[in-house]
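Structure first, commentary second.
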Amino acid sequence: MLEIKYVRQNISQVRDAMDRRGDTANIDTFEEIDQERRKILNEIEQLRHRRNVVSDEIAAMKSRGEDADSFISEMREVAARIKAFEIELAGYEEKIQEILINLPNIPHESVPFGQDENDNPVVREVGVPQTFDFEVLPHWTIGENLGILDFERAAKITGARFPLYFGAGARMERALISFMIDLHVGSHGYTETLPPFIVNSRSMTNTGQLPKFAEDLFKLEGRDYYMIPTAEVPVTNIHQQEILDENDLPFYYVAYTPCFRSEAGSYGKDTRGLIRQHQFNKVELVKFTTPETSYQELEDLLDNAETVLKLLELPYRTVLLCTGDMGFASAKTYDIEVWMPAQNRYREISSCSNFESFQARRAGIRFKRKGQKGTQLLHTLNGSGLAVGRTFAAILENFQQADGSVIVPEALRPYMGGLQKIEMTRNQ
RNA sequence: GGAGAGAUGGCCGAGUCGGCUGAAGGCGCUCGCCUGCUAAGCGAGUGUGGGGUUAACGCUCCAUCGAGGGUUCGAAUCCCUCUCUCUCCGCCA
């Protein structure tokens with residue numbers, strides 16, 4: 001959410017930013033409603049002032065034993081007028097709030113203009129895609145052949161787009177989670193957290209999933225609870241409505257959670273394999289920083305995520321999202337895309353964003369500077385470090401062998417009891 | 001699920017037969033003084049959001065004592081609903 005004062009004073013810049021994003025948010029009525037709102041607010045405040053003054057006078061008169069009936073009946077009328085104005089004001093505030101809550105973040109000046117993902121500049125490519133002297137198979141075929149993935153049975157249990165891992169596959173998924181968390185905690189200074197996987201609508205609104213993107217979420221029937229689509233939601237909300245001390249910043253958190261997404265509107269896309277599931281695992285990095293450091297922190301966070309791919313020896317590239325491809329709450333986003341040999345293309349495996357004060361304002365996350373009065377909104381950032389299911393898929397495809405087996409990346413072997421290769425065996 | 005207790009400023013904690021309490025006191029923090037340094041001591045200041053005004057410092061008004069609603073001229077204080085926390089019982093991994 002943007003600050004109402006900012007919108008008021010920079011209405012053309014805001015409109016321009018919406019255009020660059022290709023967002024259809026309607027701020028045409030903002031100025032008019034805002035003015036009306038302030039006019040009424042003024043009236044109310046004057047009446048309330050009158051009421052406060054006279055009420056004190058009434059108290060004084062009564063204590064002196066004087067008759068205050070005429071004041072009381074006047075105030076009875078004032079109270080009624082206040083109430084009428086308050087109802088009117090609430091209507092305007094609701095409208096203003098609706099406009100503000102649906103306004104996306106303003107892209108940072110370093111974000112290039114563009115329509116969609118085709119306009120995202122590549123920042124760097126790391127690693128060289130391997131050449132295979134046999135026909136490369138998609139990861140779902142590899143996984144099913146090895147007996148470590150079973151989409152058919154998963155569909156029986158639940159439905160389409162749910163994963164079921166067996167044996168060395170289940171173990172590798174778990175190993176990836178541990179490997180990533182240990183790396184970020186041990187080498188990058190993050191604090192491990194294990195948050196709730198279900199959150200309330202307030203938390204969802206704070207990070208920007210609600211109200212605009214409700215159809216992407218799984219909601220618990222009859223309750224104000226939602227399954228998290230990313231750990232970003234519960235972890236960012238850890239400090240909801242808190243005033244933090246500048247000396248304690250920055251906070252770095254890493255959290256493993258499953259993620260649940262309805263994937264409404266993606267019918268027919270990535271129907272096979274682990275790329276697009278209703279439930280998948282992800283290790284998420286979240287930062288709370290001061291405004292002046294947040295862009296350096298974004299670069300560092302991005303580097304932390306890329307390190308996972310480097311250690312796993314997976315080729316990838318990093319792209320900077322253009323204005324038209326960014327998420328609602330983000331001011332700047334990098335995507336990391338891993339090489340998928342069977343698709344002969346790069347696929348998103350991490351998304352690292354700086355939200356500046358957008359989420360902090362909604363969530364009321366502020367900090368105090370030493371020697372300075374008042375509080376200030378801090379900046380929140382997050383990024384996948386990494387999406388585990390897609391990492392799993394990338395390993396199967398990049399490390400597949402002619403005989404159908406899959407080499408386990410060296411960095412992962414300590415987490416798999418030293419297993420070097422996943423082969424067709426009965427009890428792995 | 002049943003019974004009870006509670007929710008106040010960065011933190012702790014007063015305040016209920018409604019009215020000079022935006023809120024005592026303490027801690028913390030900031031600034032100043034003082035002690036050779038440290039510790040202690042002394043003095044002053046110190047919530048948040050919004051409106052008006054100002055070039056700015058500031059001044060002023062309104063709101064805010066878990067959330068929402070009600071009673072009243074007036075509510076932190078009375079009533080209702082909800083949320084959360086704690087204690088006991090039941091149930092349960």
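Per chain, numbering begins at 1; letters A, B, ... match sequence-line order. All heavy atoms count here, side chains included; hydrogens, waters and symmetry mates do not.
With A:H239 as reference, A:L244 is the one residue of A:T380, A:V286, A:L244 to meet the side-chain contact (heavy atoms from CB on, under 4.5 Å) rule. Between A:H139 and the options A:E144, A:R390, A:E397, a side-chain hydrogen bond (donor to acceptor under 3.5 Å, both in side chains) holds for only A:E397.
The A:K5 side chain lies nearest to B:rG51 when the options are B:rC73, B:rG51, B:rA63. When distances are taken from the side chain of A:R48 to each of B:rC62, B:rG49, B:rG10, the shortest belongs to B:rC62. Nearest nucleotide to the side chain of A:K83, out of B:rC73, B:rU71, B:rA63: B:rU71. Nearest to the side-chain atoms of A:K62 among the listed nucleotides B:rG19, B:rG51, B:rG49 stands B:rG19. Each of B:rC84, B:rG19, B:rA63 was ranked by its minimum atom distance to the side chain of A:Y225; first place goes to B:rC84. You'll find that the side chain of A:K368 is closest to B:rG47, out of B:rC61, B:rG74, B:rG47.
For the contact set between residues 33-44 of chain A and RNA chain B, defined by any heavy atom under 4.0 Å, the members are A:R38, A:L41, A:N42.
Under 4.0 angstrom from either OP1 or OP2 of B:rC73 there lies no side-chain N or O belonging to A:R51.
With a 3.5 Å ceiling on both atom-pair distances, the Watson-Crick or G-U wobble partner of B:rG41 is B:rC33. Across all strands shown, B:rG58 is found opposite B:rU53 as a Watson-Crick or G-U wobble partner, with both distances under 3.5 Å. Under the Watson-Crick or G-U wobble criterion, with both distances below 3.5 Å, B:rU83 is paired with B:rA7.
Separating the C1' atom of B:rA76 from that of B:rG15 is a span of 8 Å, rounded to the nearest Å. Nucleotides B:rC78 and B:rC65, compared at atom P, are 14 Å apart to the nearest Å.
One interatomic measurement links the two molecules: CD of A:E242 to P of B:rU48, which rounds to 16 Å at whole-angstrom precision.
In the model, A:Q241 has a side-chain atom that pairs as donor or acceptor with a side-chain atom of A:R202 under 3.5 Å.
Between the side chain of A:E45 and the base of B:rG52, no donor-acceptor pair under 3.5 Å is found.
At the heavy-atom level, A:I243 lies under 4.0 Å from the strands shown only through sugar-phosphate atoms.
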